Amino acid sequence: MKILVTGGLGFIGSHTIVELLENDFEVVVVDNLYNSKIEVLDKIKEITGKEVKFYKEDVCDKSALEKIFKENKIDGVIHFAGYKAVGESCKKPLMYYHNNLMSTINLLEVMKDNNVKRFIFSSSATIYGERETPKYVEEMGRGKTTNPYGTTKAMIEQILEDLYSSDNEWAISILRYFNPIGAHSSGLIGESPNGIPNNLMPYILKVASGGLDVLNVFGNDYPTPDGTGVRDYIHVVDLAKGHISALNKITKSGPGIYTYNLGSGKGVSVLELVKTFEKVNNIKVNYRITDRRPGDIAENYADPSKALKELGWKTEKTVEDMCRDSWNFMKNNM
Ligand code: WQD
């Protein structure tokens, strides 16, 4: 089977391509390199020994997509391409709505025109919004999102539900990621955000490597065991494997729309992650407690039981693995 991966040279996309190749899928990648590097192609080849066909195009460019589908017999699509910085989305909402929505609508239209109806969408736990309970389960449905980035994810989930209602030939899987961190054990691919990081682990790595002086811990007065924010961290390789399980499911079960939480089911606090990182890597991470970050919630983590029951998927890697692999990648790429 030949799978088109949009945004495939990014953090999660590249790890998913490695798993696709190792499961004998053929892969075509489209990426505009806005938040990724062309060198990742060589790293994927070094890890798997396999080539992928690469198009440096923007998924907002419909004619480029038409060309890709004309030149390749695509059997399914995994769609990662999209802007994903929460803070930036608040400053530039139109850029986020235009890019994330138009790219997806273009892609679905070209898929429909070519009668390609297997689609896996990269969604996010952020669509749940703030809930009375920290444990999120799929049946809760979408909540009130707190930023334009999260709203684009929620809107696209709605578009997919409406698309399936209009045409039951579609086989769609919506994957709601919790907090992906870690890197491939080779240290060849990982998360290398351009500029100042937004998320916790890239910030820890910058401080540990001397790129930044101190980690600001955004509040220690939350109603959590140590007062700092609790999240469900998932190793990016576990997350990538979840995409293979979802792809196999829609291939086997055929048309339908299936939504899954991809998380460990375990909440870890900011300070727990910092302490684990220090212990596993025998390195000090300077931090200071500062005010809460606006928009942050105290705690959330996945109920991952539906993915286990229906996909036979669950996380296997530990927080220690995530901390070790993240640091290993950073050391290899400093
Ligand atoms: C985690 C915890 C912070 C940075 C976001 C998106 C979500 C998903 C993952 C895409 C929180 C604390 C952070 C720092 C800190 N992305 N923190 N100091 O906010 O849970 O989720 O990224 O899908 O959609 O919303 O992740 O890593 O930013 O924060 O104390 O310098 O670390 O307060 O408790 P978040 P995060």
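Counting starts at 1 for both ligands and their atoms, following the listed order. Computed from a predicted model, the values in this text were never measured in an experiment.
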What protein heavy atom sits nearest [atom], and how far away is it?
| atom | answer |
| --- | --- |
| atom 18 (N) of ligand 1 | Asn216 O, 2.7 Å |
| atom 22 (O) of ligand 1 | Asn199 ND2, 3.1 Å |
| atom 24 (O) of ligand 1 | Ser124 OG, 3.1 Å |
| atom 34 (O) of ligand 1 | Gly229 CA, 3.5 Å |
| atom 20 (O) of ligand 1 | Arg231 NE, 2.6 Å |
| atom 12 (C) of ligand 1 | Val270 CG2, 3.7 Å |
| atom 35 (P) of ligand 1 | Asn179 ND2, 3.6 Å |
| atom 27 (O) of ligand 1 | Leu200 N, 2.8 Å |

Is it true that the NZ or CZ of Arg292 lies under 6.0 Å from the centre of Tyr222's six-membered ring and within 45 degrees of the ring axis?
->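 Yes, Arg292 sits over the ring of Tyr222.
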Heavy-atom distances under 4.0 Å are what count here, so tell me which part of Tyr149 touches ligand 1: side chain, backbone, both or neither.
->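 For Tyr149, the contact with ligand 1 is made by the side chain alone.
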Relative to ligand 1, is Asn198 under 4.0 angstrom through side chain, backbone, both or neither, heavy atoms considered?
->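 Only the backbone of Asn198 comes within reach of ligand 1.
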What are the atoms of ligand 1, with element, lying closer than 4.0 Å to any heavy atom of [X]?
| X | result |
| --- | --- |
| Val217 | 30 (O) |
| Val86 | 6 (C), 25 (O) |
| Asp296 | 3 (C), 33 (O) |
| Tyr233 | 1 (C), 2 (C) |
| Tyr203 | 31 (O) |
| Arg293 | 3 (C), 19 (O), 28 (O), 29 (O), 36 (P) |

Angle class for the Trp327/Phe277 ring planes (parallel below 30°, perpendicular above 60°, tilted otherwise)?
->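 The rings of Trp327 and Phe277 stand perpendicular, inter-plane angle above 60°.
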Mind checking whether [X] has an N or O less than 3.5 Å away from an N or O of ligand 1?
| X | result |
| --- | --- |
| Met201 | no |
| Lys84 | no |
| Phe218 | yes |

Only one of Phe121, Phe119, Trp313, Phe80 clears ring-ring contact (aromatic ring centres under 6.0 Å, His included) with His243; which?
->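 The option that passes is Phe80.
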Thinking salt bridges, do [X] and [Y] make one under a 4.0 Å N-O criterion?
| X | Y | answer |
| --- | --- | --- |
| Glu19 | Lys241 | yes |
| Asp24 | Lys50 | yes |
| Arg142 | Glu157 | yes |

Tyr287 atom OH, over 12 foreign heavy atoms within 6.0 Å =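 At most 12 heavy atoms, drawn from other residues, nucleotides or ligands, come within 6.0 Å of this atom.
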Hey, what do you get for CD (Glu169) to NZ (Lys117), rounding to the nearest 0.5 Å?
->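 Output value for this atom pair is 4.0 Å.
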CG-NZ distance between Asp42 and Lys37, expressed to the nearest 0.5 angstrom |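 So the CG of Asp42 and the NZ of Lys37 are separated by 14.0 Å.
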Under 4.5 Å between side-chain heavy atoms, counting indirect links through other Ile/Leu/Val/Met/Phe/Trp/Tyr residues: same cluster for [X] and [Y] or not?
| X | Y | value |
| --- | --- | --- |
| Leu160 | Val59 | yes |
| Leu9 | Leu4 | no |
| Tyr55 | Val116 | yes |

